[in-house]
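Let me begin by presenting the structure, written as C-alpha cells, before commenting on it.
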Amino acid sequence: MTAKERIDWLRAELHRHNHNYYVLNAPEISDKEFDDLMRELQDLEQEHPEYRDENSPTMRVGSDLTKEFRQVAHKYPMLSLGNTYSEAEVTDFYERVQKALNEDFEICCELKYDGTSISLTYEDGKLAQAVTRGDGEKGDDVTDNVKTIRSIPLVLHGNYPPSFEIRGEILMPWKSFEALNREREAREEPLFANPRNAASGTLKSQNSAVVASRKLDAYLYYLLGEELPGDGHYENLQMAAGWGFKISEHMKKAHSLQEIFDYINYWDTERKNLPVATDGIVLKVNSLRQQRNLGYTAKSPRWAIAYKFQAERALTRLNKVTYQVGRTGAITPVANLDPVQLSGTVVRRASLHNADIIEGLDLHIGDMVYVEKGGEIIPKITGVDTEARGILLGEKVKFITRCPECGTPLVRFEGEAAHYCPNETACPPQIKGKIEHFISRRAMNIDGLGPETVDLFYRLGLIKNAADLYQLKTEDIKGLERMGQKSAENIIKGIKESRHVPYERVLFALGIRFVGETVAKKLAKSFNSIEDLEQASVETLVGVDEIGEKIAQSIVSYFANPLNRELVGRLKEAGIQFCRSEENLSEYTDKLAGLSIVISGVFAHHSRDEYKELIEKNGGKNVGSISSKTSFILAGENMGPAKLEKAKKLGIRILTEDDFLAMLS
C-alpha cells in the first residue's frame, strides 16, 4: 500500500469512527485505538504535505494561530422566527396557515435548541464553509472553528446533492458547560452565564485549538438548495441523517392542533432530562412548496413559529432601583437584586418597564420580589411577597422626575407609558445611543466600531454626532486605549465604505422615532431623495402605504429641528447616499399606479411576497381585504371561497398569475 493509499484509508476510517461515536453513539473501537489511527495519519500527513486535505480528520484538532474572521453574505437570508407563548397564539398561527393555504398541510414539530445559529455549505460532499447568523444578511466565516466540532461531518457519505446548505444550532452540552465553568473558577476567570453564551463565545474564539478543547455539539434542522431530495422538510432531514448529519430524533409530524399541543406538553417537562439546553418548540409547515407560497414578513417566515416554554420564577430581594436612558430618551427603571439562579443563569438585574408598573406593584426597597424571564431572555419582576415584609422595610419606590444623566425634567406623552428626557441633542446616553444605532449592522454597518469605541471617542471629544465620524482620520485614533494602527485603519476603512450603504438603510440609520427598517423602505420608495422627504407634510406622508399619523408627525418633527437638518446636511457633504440610485429607480414603473390589488390563493411562478413586491414596484397598492375599491384580485390555486363569492358579488375582476405577469410585461 502506497503512502497515499494508506492516508486515504485512514481518513475514511477515522471519519466513519467519528460518526459512529459522536452522532450514532455506537463506537466500534476504543479511544486508544482511535488515537493510534489519528497519530499515524498525522505523521503521514507531516511526511507527505503534498497530500494535504482541508477536510482531513486531523483538522478537528484545531490550530493555536489567531485568525480574524471575514464576513460572508448568506445566499438565503437567515431570518429569526416569530415567538409565541400561549396555546391560543399557536392556534392563531395554525388557523392563519389553514386559511392562507386552503388545502391539507402537515406541521413538523421540533425542539428549539438554545445555542448559536450556524449555516454550513457542502460542495461535492465536503464541508466548504461555515458562517454564523450575524445580522441575517451576512455573518462571520468560522469554518476552521466548526471543523473542530466532531458531530459536524467534514465528508459525507450516501446519495447527497452536489451543492446545498444546512442550518442548525451549535451547543455546549450541560456537562461541558459545567466543566468549563469549574476550570474558569479555579483560574479566577469570569464564569459564563449560560451554555448559549459559552457556545457563542467559544465559536468566535480566534484560536481554533480552544474551540476544539471545549467539546461543542451541533444539531442540524433545515436544508436548503436547488436539488433537494423532496418536498418534505421532515423527509429531507431524515435523508440528511443518512449522509452523516446529527439530526434530532425528537422531530415529529403533526396533522392537527391537538397533536401539536400533545408534543408541546410532553416536552415542557421532558426537556429537563436532555443533555443540552432547549427553550421551546419550533413549528414548521412541512411542505417546501407550501412554505414558498406562505412567504415571509419583513423579519420572519409565515410558515414557522417558535413556541417558548413558560418562564421559571424565583424569589429574591430588591436592593435598589436605578434608571437607564435609551437613544430615544426613554427612561427604563432597573431593579437591582440579590443574585438568584433562574433558567440556567444568575440574575442580578430586572426590568421594571415604567412608572405604572412600579406603582401597580407597590414596590418598597427591601421587598422580596418574584422574578421571571420573559421568553426566558429578559428578567422582569412580576410580583411582591407582601407577607415577607418586616419592620426593616425601606422607602416606597417613586419614579424619578429628572433625567439621571443630564438633569432635564422628564416628560410623558399622552397615551404612552414611558417617561422621556426631551434633551435629545445634549443628553450623553441619547447622543451615544443614536451613534450606536447609526453604525449598527442593519443600518450603516461600520466594521470595527461598537458601543465601547463610541463611548471612548465621545469621552475624548472626537465625536458628538454621527457626522463627526466622517471627519476622523487614522492619526486621530491610533494609539488610543486598545487601538493599534491596524484597528484604526479598519475603522476608517469601515467608515469610508459606509458611504455606499443604500438610501433606505441610511433613513433607518438616522434613528427617526417610529421609523424602523420596513417604514424606511416604504419612505425610500415614495420619496426619491432626502430633500423630498424633508419637505413632505403630514398629509403627504399619511398617503404612503402603512404610514400613520404618529409616524408622519414624528418625521415632520425630526426635520423641523435645525440640529437634525444640520446633521443631515453634514452627512450629505460626507457623501452618504440620500437618494435612490439609477439602478434602483429603473426597477420601478407606474403600470399599476392607482390600483388596489388583493392577492389570494397558492401560486406556481412566484411566492406571495414576490408578487406583493412586484405590485409595489409597479406603482400598485397591496390590500388585505376585498371591497368596492378593489381594482382586481390576483388569484392562484385554491382561492378562498368567501373571497371568491364576495368578488363575484361586487363584480371585481379576477386575474390568474399568467394574466398578471402578461400585464406587467
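Fair warning: this is a prediction, and the values are worked out from it, not measured in the lab. Residues take their numbers from the sequence shown, with the count starting at 1.
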message: salt bridge (charged side-chain N to carboxylate O under 4.0 Å, His left out) for R289 and E103? Distances and angles first, verdict last.
response: CA-CA 12 Å; R289 175 185 64 82; E103 62 181 350; 3.0 Å; yes
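- Within a 6.0 Å radius of NZ in K252, other residues, nucleotides and ligands contribute 12 heavy atoms or fewer.
- Here the closest non-hydrogen pair linking L216 and M172 is CD2-CE, 3.7 Å.
- A donor-acceptor distance shorter than 3.5 angstrom exists from the side chain of Q291 to the backbone of V285, with no hydrogens or angles considered.
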message: Before you tell me yes or no, could you show the steps for V276 and Y113 under side-chain contact (heavy atoms from CB on, under 4.5 Å), namely the whole-Å CA-CA distance, both residues' side-chain angles and the distance that decides it to 0.1 Å?
response: CA-CA 8 Å; V276 293; Y113 292 103; 3.7 Å; yes
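- Nearest heavy-atom pair across L101 and V602 is O-CG2, 3.6 Å.
- Ring-plane geometry between F508 and H437 is classed as perpendicular, the angle between the planes exceeding 60 degrees on a 0 to 90 degree scale with a lower cut at 30.
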- prompt: Which is it for T297 and R302 under the side-chain contact (heavy atoms from CB on, under 4.5 Å) test, yes or no, and what are the steps along the way?
  reply: CA-CA 7 Å; T297 67; R302 292 193 181 92; 3.9 Å; yes
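- When side chains are defined from C-beta on, P162 counts as touching D124, because their heavy atoms get closer than 4.5 Å.
- S287 contributes atom OG, which lies 11.0 Å from atom CH2 of W303 (distance to the nearest 0.5 angstrom).
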- request: Take L523 and E504, measure what side-chain contact (heavy atoms from CB on, under 4.5 Å) needs, and give me the verdict at the end.
  value: CA-CA 8 Å; L523 292 171; E504 63 267 18; over 6 Å; no
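- Nearest heavy-atom pair, H250 versus Y263, reported as atom, atom and distance to 0.1 Å: O-OH, 2.6 Å.
- Formation of a donor-acceptor pair under 3.5 Å by the H157 side chain with backbone atoms of G125 is not found in this model.
- A 6.0 Å sphere centred on CD of E637 holds no more than 12 heavy atoms belonging to other residues, nucleotides or ligands.
- No donor-acceptor pair under 3.5 Å is formed between the side chain of R196 and the backbone N or O of G115.
- Remark: of the listed residues I281, T84, N83, N83 is the sole one forming a side chain to side chain contact (heavy atoms under 4.5 Å, CB included) with K308.
- Looking at every heavy atom in both residues, S625 comes nearest to V598 through O-CG2, 3.6 Å.
- Checking N273 against E270 by side-chain atom types alone, a donor-acceptor pair falls below 3.5 Å.
- Rounding to the nearest 0.5 Å gives a distance of 6.0 Å between CG of L111 and OG1 of T278.
- Between N236 and L288, some side-chain heavy-atom pair lies under the 4.5 Å cut-off.
- With no hydrogens or angles considered, no side-chain donor-acceptor pair links H255 and D104 at under 3.5 Å.
- H606 has its side chain within reach of L661: a pair of non-hydrogen atoms, C-beta onward, lies under 4.5 Å apart.
- By the 4.5 Å heavy-atom criterion applied to side chains, N55 and K147 are counted as neighbours.
- The cationic group of R167 does not satisfy the cation-pi geometry with Y222, failing either the under 6.0 Å distance to the six-membered ring centre or the 45° limit from the ring axis.
- Summarising the geometry, atom CD1 belonging to I149 is positioned 8.5 Å from atom CG belonging to L120; distances are rounded to the nearest 0.5 Å.
- Heavy-atom contacts from other residues, nucleotides or ligands closer than 6.0 Å to NZ of K215 number 12 or fewer.
- The closest side-chain heavy-atom distance from L644 to I654 is below 4.5 Å.
- Ring geometry, F309 versus Y307: the interplanar angle exceeds 60°, so the pair is classed perpendicular (tilted spans 30 to 60°).
- For the pair E517 and R442, the salt-bridge criterion is met [side-chain N within less than 4.0 Å of a carboxylate O].
- With values rounded to the nearest 0.5 angstrom, D262 atom CG is found 10.5 Å from L257 atom CG.
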- request: Could you give me the CA-CA distance, side-chain angles and deciding distance for E110 and S248, then say whether side-chain contact (heavy atoms from CB on, under 4.5 Å) is met?
  value: CA-CA 8 Å; E110 307 169 14; S248 171; over 6 Å; no
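- T143 and Q129 are not linked by any side-chain donor-acceptor pair at a separation below 3.5 angstrom, with hydrogens and angles left out of the test.
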- prompt: Is there a salt bridge (charged side-chain N to carboxylate O under 4.0 Å, His left out) between K525 and E616 once you walk through the steps?
  reply: CA-CA 9 Å; K525 287 176 183 176; E616 288 179 0; 3.0 Å; yes
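- Summarising the local packing, CD of E645 is surrounded by 12 or fewer heavy atoms from other residues, nucleotides or ligands at distances under 6.0 Å.
- A distance of 9.5 Å separates OG1 of T132 from CD1 of I170, quoted to the nearest 0.5 Å.
- For W243 and F164, the distance between ring centers is under 6.0 angstrom.
- Counting heavy atoms from C-beta outward, I633 and M639 have side chains that approach closer than 4.5 Å.
- Checking side-chain atoms of T148 against main-chain N and O of N145 turns up a donor-acceptor pair under 3.5 Å.
- Judged purely by distance below 3.5 Å, without hydrogens or angles, the side chains of E235 and N286 pair a donor atom with an acceptor atom.
- L283 approaches C109 most closely through the heavy-atom pair CD2-SG, 3.8 Å.
- Distance alone, capped at 3.5 Å, places no donor-acceptor pair between the D140 side chain and the V142 backbone.
- Taking the six-membered ring where the residue is Trp, the centroids of Y122 and F245 are separated by under 6.0 Å.
- Side-chain contact check for L664 versus L592: some heavy-atom pair is nearer than 4.5 Å.
- At a cut-off of 3.5 Å, with distance as the only test, a side-chain donor of E657 or Y611 sits close to an acceptor on the other residue.
- When side chains are defined from C-beta on, F93 does not count as touching I260, because their heavy atoms never get closer than 4.5 Å.
- Looking at every heavy atom in both residues, R505 comes nearest to R441 through NH2-O, 3.5 Å.
- Without hydrogens or angle criteria, N622 side chain to K612 main chain gives a donor-acceptor distance under 3.5 Å.
- For the pair K246 and D217, the salt-bridge criterion is met [side-chain N within less than 4.0 Å of a carboxylate O].
- More than 12 heavy atoms of other shown residues, nucleotides or ligands fall within 6.0 angstrom of atom NZ in K284.
- Remark: side-chain polar atoms of K646 are paired, donor with acceptor, to backbone N or O of I626 under 3.5 angstrom.
- Within the model, atoms CZ of R214 and CG of L203 stand 11.0 Å from one another, a figure rounded to the nearest 0.5 Å.
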